[in-house]
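For reference, positions follow the sequence shown, starting with 1.
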Amino acid sequence: MTDTLLHQPTTATGPRRTGGVAHLLRHLGEMLLAMIAGMLLLDPVWSLVADPPGLTAALDRPDVAALVMATNMTIGMTVWMRHRRHSAAACAEMAAAMYVPFLVLLAPYWAGLLGGDAMLLGGHLLMLPAMVLVALRHRHHGPASAPRRARLVATLVRRWPTALALLMTVDLWVSPAVPGPWTLLVLPAGYLIIGGYRRRLRGPGVLARQVAGLAVWSALALLAAVAGARSAAWLVALGWLGHAVWDAVHHRRHEVVPRGYAEWCGVLDTVVGVTIILALLTA
């Protein structure tokens, strides 16, 4: 009983129960998004680790793929739940909801009674009710009180856009590539779309600067499209690195886009630009 009360937010009249439908749906929605993020961000890491010893083909096996997906989803979900101050027990039970459905179906798969696609599909379908059961079990438990984060952990949490950008580009350091010239148009367009949605283009000269940026990167993309292959690659690298400077300025001014977006975009642009140069120098 004491543990339950510690996990419940309090009001002037006593502990407040957090087991409403809206709370449950929000919690499940957060879990699903965290699981998807884990799969998208960690999948390149598995390929990166498996490539040197020649184990890439093993990742294509349905049983291995199932366990890898469960691991990616569990890591993403656990990171988010701990960030939201959920207890270790709740995280462990939600992790079991990721693994148990696949583990149950692996036996009939290995016995030849179930195909690989059916095993993967069945595992995902069974995972959903398992998650709901865990969420219902802890539906009255609010985030647990926790001690103040260590300085390093607090810094990592604060710098999540940088971590996200580095995870998204980890494969580029191993296999540098040169994106097409027209990818340069995405860079200024993102600022215009987000700024328009946030109604942050109305200040003095703000819209004019964004349109000018779009014109500059459009001209650079057009020039790269008609240039020779190597010259085009250098122009594309210049465009990405130039936009990293654009991101830094907007981050400092807190202008047009959220600072988290400017930080994420700046790191992403820098990595893409630098790896393009590496691809050119090692070609």
Side-chain angles (χ1 to χ4, degrees), residues 22-23 25-41 44 76 79-81 83-85 143 149 151 153-170 172 178-225 235-277:
H23 171 79
L25 293 177
R26 182 173 64 252
H27 177 60
L28 289 172
E30 290 178 356
M31 294 304 96
L32 288 173
L33 290 175
M35 290 157 55
I36 293 172
M39 288 191 294
L40 292 177
L41 295 175
V79 169
W80 182 252
M81 288 185 70
H83 172 67
R84 294 296 298 267
R85 311 292 198 189
R149 290 189 179 101
R151 181 176 298 178
V153 175
T155 300
L156 291 175
V157 170
R158 202 164 51 245
R159 294 275 76 88
W160 68 264
T162 294
L164 178 62
L166 292 175
L167 279 172
M168 292 177 64
T169 54
V170 64
L172 290 178
V178 181
W182 301 114
T183 58
L184 294 176
L185 299 181
V186 177
L187 306 178
Y191 270 69
L192 279 168
I193 294 171
I194 295 173
Y197 176 78
R198 300 179 72 224
R199 300 181 180 179
R200 298 292 296 271
L201 301 176
R202 300 177 179 180
V206 175
L207 179 59
R209 287 194 295 272
Q210 298 305 314
V211 172
L214 178 62
V216 169
W217 270 281
S218 298
L220 193 62
L222 180 61
L223 185 60
L235 289 172
V236 171
L238 175 64
W240 282 88
L241 291 175
H243 199 265
V245 177
W246 182 269
D247 294 321
V249 171
H250 284 77
H251 183 274
R252 183 177 181 82
R253 294 181 176 178
H254 196 191
E255 188 179 63
V256 180
V257 298
R259 298 192 75 187
Y261 177 87
E263 179 181 338
W264 167 81
C265 193
V267 175
L268 181 74
D269 294 347
T270 301
V271 172
V272 173
V274 169
T275 54
I276 291 173
I277 294 175

Could you give all pairs that pass the salt bridge (charged side-chain N to carboxylate O under 4.0 Å, His left out) test and reach residues 264-274, with sequence neighbours left out? none
Result of checking Leu166, Val170, Leu164, Ile36 against Leu41 for side-chain contact (heavy atoms from CB on, under 4.5 Å): Leu164
Search all heavy atoms of [X] against all heavy atoms of [Y] and return the closest pair with its distance.
X	Y	value
Gly273	Ala237	O-CB, 4.0 Å
Glu263	Thr162	OE2-OG1, 2.6 Å
Gly213	Trp246	CA-CH2, 4.1 Å
Gly260	Pro161	O-CB, 3.3 Å
Val236	Pro181	CG2-CA, 3.8 Å
Ile194	Pro258	CG2-CD, 4.0 Å

Any chance you could measure [X], atom [atom1], to [Y], atom [atom2], to the nearest 0.5 Å?
X	Y	atom1	atom2	result
Met35	Leu28	CE	CG	10.0 Å
Thr270	Asp247	OG1	CG	7.5 Å
Leu184	Trp240	CG	CH2	7.5 Å
Arg252	Arg259	CZ	CZ	9.0 Å

Are the side chains of Pro179 and Ile276 in contact, using a 4.5 Å heavy-atom criterion? yes
Does [X] reach the main-chain N or O of [Y] with its side chain, forming a donor-acceptor pair under 3.5 Å?
X	Y	answer
Arg200	Gly195	no
His243	Leu187	yes
Trp80	Met31	no

side-chain contact (heavy atoms from CB on, under 4.5 Å) assessment of Leu192 paired with Leu207: CA-CA 8 Å; Leu192 279 168; Leu207 179 59; 4.2 Å; yes
Apply side-chain contact (heavy atoms from CB on, under 4.5 Å) to residues Leu241 and Ile277 and explain how you reach the verdict. CA-CA 10 Å; Leu241 291 175; Ile277 294 175; 3.9 Å; yes
Take Glu255 and Tyr191 through the test side-chain contact (heavy atoms from CB on, under 4.5 Å) and record every step on the way to the result. CA-CA 10 Å; Glu255 188 179 63; Tyr191 270 69; over 6 Å; no
For Leu222 and Trp182, what are the C-alpha separation, side-chain angles and deciding distance, and is it a side-chain contact (heavy atoms from CB on, under 4.5 Å)? CA-CA 8 Å; Leu222 180 61; Trp182 301 114; 4.1 Å; yes
